[in-house]
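Here is the structure we will look at, set down as structure tokens.
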Amino acid sequence: MERFKNIKEIIYESVKRYSNNIAFTIKTKINKEATYKSITYKQLLEDVNSFGTSLYNLGLKGKRVAILGRNRYEWVVAHLANLLGNIVSVPLDKDLQLEELETSLIRSKAKAIVFDEKYIEKIQKIKQRGNTEVKEFICMSKQEGYIDVEELINSGKKLIEKGQQEYINAEITEKEMGILLFTSGTTAKSKAVMLTQYGIATNIYDMLLVEKFYETDVNIAFLPFHHIFGSTGMLVMLAVGLKTVFPDGLKYIKSNLKEYGVSVFIGVPVLIDKMYKTVMSEIEKQGKTKLINRAVKVSNFLLKFKIDIRRKLFKAVIDGLGGKMRTIISGGAPLDQNIAKRFDEFGIQMIQGYGLTETSPVIIAENPKRKKYGSTGVPMEHVQIEIVNKDDNGIGEIRAKGPNVMLGYYEDEERTNEVLKDGWFYTGDLGYIDKDGFVFITGRKKDLIVLKNGKKVFPEEIETLVLRLPEVEECFVFGMPSKEDENDVKVSIKLVYNEKVVKEKYGDILEEELYKIIWDKIKEINTSLPKYKYMKHMILTKEPLIKTTTNKVKRNEEMKLILSEDNK
């Protein structure tokens, strides 16, 4: 794998190597009839260059262009057109409320926005208000009163044919801001992160040093592109010449895996956990659980002699994931090590990584040669990792240094100085490094529950155990202020139950009865923990937890809700 300085070099090299490979498959549904259109790498670059030439023609050279929309081909064209033309790309969260969206456009000083027609009402209101610097509103499909992506691709082609080469010849200033990305943020004002193309290109190189992808693989673009894990993941796939497809939505994920023969899946633990539970519940219904457990023992024994029959032996499991699943990559939060181990035992390579928006994103990852369950792996090739301010157990804050670390927070020196010191980025996450160099994440510094006796409880550790219960959809461990002692807190849990599973297991059960059943299971989990970590209070609900668009629980908002209800 060659190391490139920017995204333009990566894309041009891919087009040279994989010119006629399919980069994207686009599905269109008319009257329930699906048609599929394939875009080759060669056509992708032609579309990007044509669209980018039109952006220059609109006076957007050296400006900032925002993108708002679902994962789709036009999103990719807009983002790559920005990057290959040295225009600052501003990917925006499609689920932002109108006020937040407008604020993000104002803060980013975007001069244009490429938007999905699904969000046209918000765009019309922003356009009418006139509070932003946006002059060009470009729709991803044909809509009355707006120029659209296809129109600009066509006009750009004509300009190129007439000899317009300025966009194609654009020099990339890869160590300056290339992407301005707002964090999903669990606080009121999201941070605007300045990333460089050099940092992202380095991160792509580091990932490809340790993870094996093939040009015959099929990847499904499930993680939102406005999230750095999603957009860098998309660029990694383009760097290796494979095909990417788009999902029809969360409830169709299982059928999409089969429909496209997906072999590579990048997701967050909450989704991977659901996939695992769905497959195992099917096996349980077929009465094959004991058979599978026995087969795992046999397979593990044979692996000691380098005899690998996993994909044949666990065909039923692999078929439950579409039949071709080869690699699952997890990031964004800790994954239950039991699930990670099980996927590996079934012959599906499970890889965990750890990173942040501020680090473009991956700084630590597993690889097939270096793996330890419970750990998120080892530092990436161009990243230095240190643990600072350690406690007696060697647990401290994780800090990172490397070319993929952000330039800083846009127009926010104070916040930048809080996390960037002498080139080191302080992640706000706690962890430790073992004697073999594996990094273990124990939790967020700000989420740590500190008891009156000084003992520390990491919520994520307990949440992982509780999520193993089939009845549990999601959960949130927190410190409930003690009514007996204002200086102390009780380790508590708010738990969302899975209505479908509960109905299947217990029929039309009353919530009070369900509370008792689940509380007994929580007490059982307590017995596996040190006494100071015991959960002493439980809130049971079927209402989903308050989450960011990347499925992280907004702990502060959940705490406010819990405390307000407790005070009623």
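Values reported hereafter were calculated over all heavy atoms of this structure, with side chains retained and with hydrogens, waters and symmetry mates removed.
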>> Other residues, nucleotides and ligands only: do more than 12 of their heavy atoms fall within 6.0 Å of NZ on Lys547?
In response: yes
>> I'd like to know whether NZ of Lys421 has more than 12 heavy-atom contacts from other residues, nucleotides or ligands below 6.0 angstrom.
In response: yes
> Any side-chain heavy atom of Lys8 within less than 4.5 Å of one from Leu83?
Replying inline: no
>> With side-chain hydrogen bond (donor to acceptor under 3.5 Å, both in side chains) as the criterion, how do Tyr373 and Asp344 come out once you've worked through the C-alpha distance, each side chain's angles and the decisive distance to 0.1 Å?
In response: CA-CA 11 Å; Tyr373 295 112; Asp344 280 336; 2.7 Å; yes
>> Check Lys372 with Asp434, please: is the shortest side-chain N to carboxylate O separation under 4.0 Å?
In response: yes
>> Does this structure show an ion pair linking Glu471 with Lys521, if we count only N-O contacts that are shorter than 4.0 Å?
In response: yes
> Counting distance only, does the side-chain N/O of Ser492 pair as donor-acceptor with the main-chain N or O of Gly479 below 3.5 Å?
Replying inline: no
>> For Glu211 versus Glu366, what's the shortest heavy-atom pair and its separation?
In response: OE2-O, 2.7 Å
> Which heavy-atom pair separates Leu465 from Ser528 by the least distance, and what is that distance?
Replying inline: CD1-OG, 4.4 Å
> Is any NZ, NE, NH1 or NH2 atom of the basic residue among Lys243 and Asp217 found under 4.0 Å from an Asp or Glu carboxylate oxygen of the other?
Replying inline: no
>> Applying side-chain contact (heavy atoms from CB on, under 4.5 Å) to Thr359 and Asn203, what does each step give before you reach the verdict?
In response: CA-CA 9 Å; Thr359 56; Asn203 207 235; over 6 Å; no
>> Is it the case that the side chains of Asp336 and Tyr276 hold a donor-acceptor pair, with the cut-off being a distance below 3.5 Å and no angle test?
In response: no
> With distance as the sole criterion, is a donor-acceptor pair present between the side chains of Asn6 and Glu174 under 3.5 Å?
Replying inline: yes
> Can you tell me if Asn21 uses its side chain to pair, donor with acceptor, with the backbone of Ala23 under 3.5 Å?
Replying inline: no
> Within a strict 4.5 Å, meaning less than it, do heavy atoms of the Asn498 and Val472 side chains meet?
Replying inline: no
> Between Thr244 (side chain) and Ile220 (backbone), is there a donor-acceptor pair under 3.5 Å?
Replying inline: no
>> Do the side chains of Glu473 and Lys274 get close enough for a salt bridge, i.e. N-O under 4.0 angstrom?
In response: yes
> At what distance, to the nearest 0.5 angstrom, does CD1 of Ile266 lie from OG of Ser330?
Replying inline: 10.5 Å
>> Could you tell me if Arg399 and Thr427 have a donor-acceptor pair between their side chains, going purely by distance under 3.5 Å?
In response: no
> So do the side chains of Asn367 and Ile351 get within less than 4.5 Å of each other, counting heavy atoms only?
Replying inline: no
> With a 4.5 Å heavy-atom cut-off, do Leu195 and Leu407 have their side chains touching?
Replying inline: no
>> Looking at Lys16, I'd like to know if its NZ atom is crowded, meaning that more than 12 non-hydrogen atoms belonging to other residues, nucleotides or ligands lie closer than 6.0 Å.
In response: no
> When you look at Arg555 and Glu463, which way does the salt bridge (Lys or Arg N to Asp or Glu O under 4.0 Å) test go after all the steps?
Replying inline: CA-CA 13 Å; Arg555 291 180 181 264; Glu463 286 163 2; 2.9 Å; yes
>> Could you walk me through whether Glu345 and Asn300 satisfy the side-chain contact (heavy atoms from CB on, under 4.5 Å) test, starting with their C-alpha distance in whole Å, then the side-chain angles of each, then the deciding distance to 0.1 Å, before giving a yes or no?
In response: CA-CA 7 Å; Glu345 286 171 339; Asn300 287 347; 3.2 Å; yes
> Between the side chains of His226 and Arg70, does any donor sit under 3.5 Å from an acceptor?
Replying inline: no
> Quick one: ring pair (Phe, Tyr, Trp, His ring centres under 6.0 Å) pairs with a partner in residues 433-471, sequence neighbours left out?
Replying inline: Tyr432-Phe440
> Going by heavy atoms in the side chains, are Tyr354 and Gln352 under 4.5 Å from each other?
Replying inline: no
> Taking atom NZ of Lys371 as the centre, does the number of heavy atoms from other residues, nucleotides or ligands within less than 6.0 Å exceed 12?
Replying inline: yes
>> Within the 4.5 Å heavy-atom criterion, are Met207 and Thr232 side-chain neighbours or not?
In response: yes
> Without hydrogens or angle criteria, can the side chains of Glu358 and Tyr409 be said to hold a donor-acceptor pair below 3.5 Å?
Replying inline: yes
>> If you define the side chain from C-beta out and look only at heavy atoms, does anything of Arg311 sit under 4.5 Å from Ile348?
In response: yes
>> Evaluate Asn389 against Glu397 for side-chain hydrogen bond (donor to acceptor under 3.5 Å, both in side chains), listing each step before the verdict.
In response: CA-CA 6 Å; Asn389 304 321; Glu397 185 173 1; 4.9 Å; no
> Counting only heavy atoms not in Lys277, do more than 12 fall under 6.0 Å of its NZ?
Replying inline: yes
>> Restricting to non-hydrogen atoms, name the atom on Glu284 and the atom on Thr289 that form the minimum distance, rounded to 0.1 Å.
In response: CA-OG1, 3.3 Å
> Quick one: do the His382 and Thr202 side chains pair a donor with an acceptor below 3.5 Å?
Replying inline: no
>> Closer than 4.0 angstrom, basic N to acidic O: yes or no for Lys5 and Glu9?
In response: yes
> Rounded to the nearest 0.5 Å, how far apart are CD1 of Ile462 and CG of Leu467?
Replying inline: 12.0 Å
> Between Leu235 and Leu80, is any pair of side-chain heavy atoms under 4.5 Å apart?
Replying inline: yes
> Roughly how far, to the nearest 0.5 Å, is CZ of Phe476 from CD of Glu460?
Replying inline: 10.5 Å
> Got a second to check how far Lys494's NZ is from Met538's CE, nearest 0.5 Å?
Replying inline: 12.5 Å
>> Let's go through Val48 and Ile11 carefully: what are the C-alpha distance in whole Å and the side-chain angles of both, what is the deciding distance for side-chain contact (heavy atoms from CB on, under 4.5 Å) to 0.1 Å, and is it a yes or a no?
In response: CA-CA 10 Å; Val48 167; Ile11 299 299; over 6 Å; no
> Below 6.0 angstrom between ring centroids: does that apply to Phe246 and Phe24?
Replying inline: yes
> Where do Ile272 and Ile328 land on the side-chain contact (heavy atoms from CB on, under 4.5 Å) test, with the steps shown first?
Replying inline: CA-CA 8 Å; Ile272 292 160; Ile328 296 175; 3.7 Å; yes
> If you measure from OG on Ser360 to CD1 on Ile179, what distance do you get to the nearest 0.5 Å?
Replying inline: 8.0 Å
> Phe346 vs Phe314 aromatic rings, parallel, tilted or perpendicular, using cut-offs 30° and 60°?
Replying inline: tilted
> Looking only at heavy atoms, what is the nearest atom pair of Val262 and Asn256, with distance?
Replying inline: CG2-O, 4.1 Å
> Closest heavy-atom contact between Pro91 and Trp75?
Replying inline: CB-CZ2, 3.7 Å
> Does the side chain of Tyr198 come under 3.5 Å of the side chain of Asn404 through a donor N or O and an acceptor N or O?
Replying inline: no
>> Testing the basics here: between Ile493 and Cys475, what is the closest heavy-atom pair and its distance to 0.1 Å?
In response: CD1-CB, 3.9 Å
> From Leu271 CG over to Met275 CE, what is the distance, rounded to the nearest 0.5 angstrom?
Replying inline: 6.0 Å
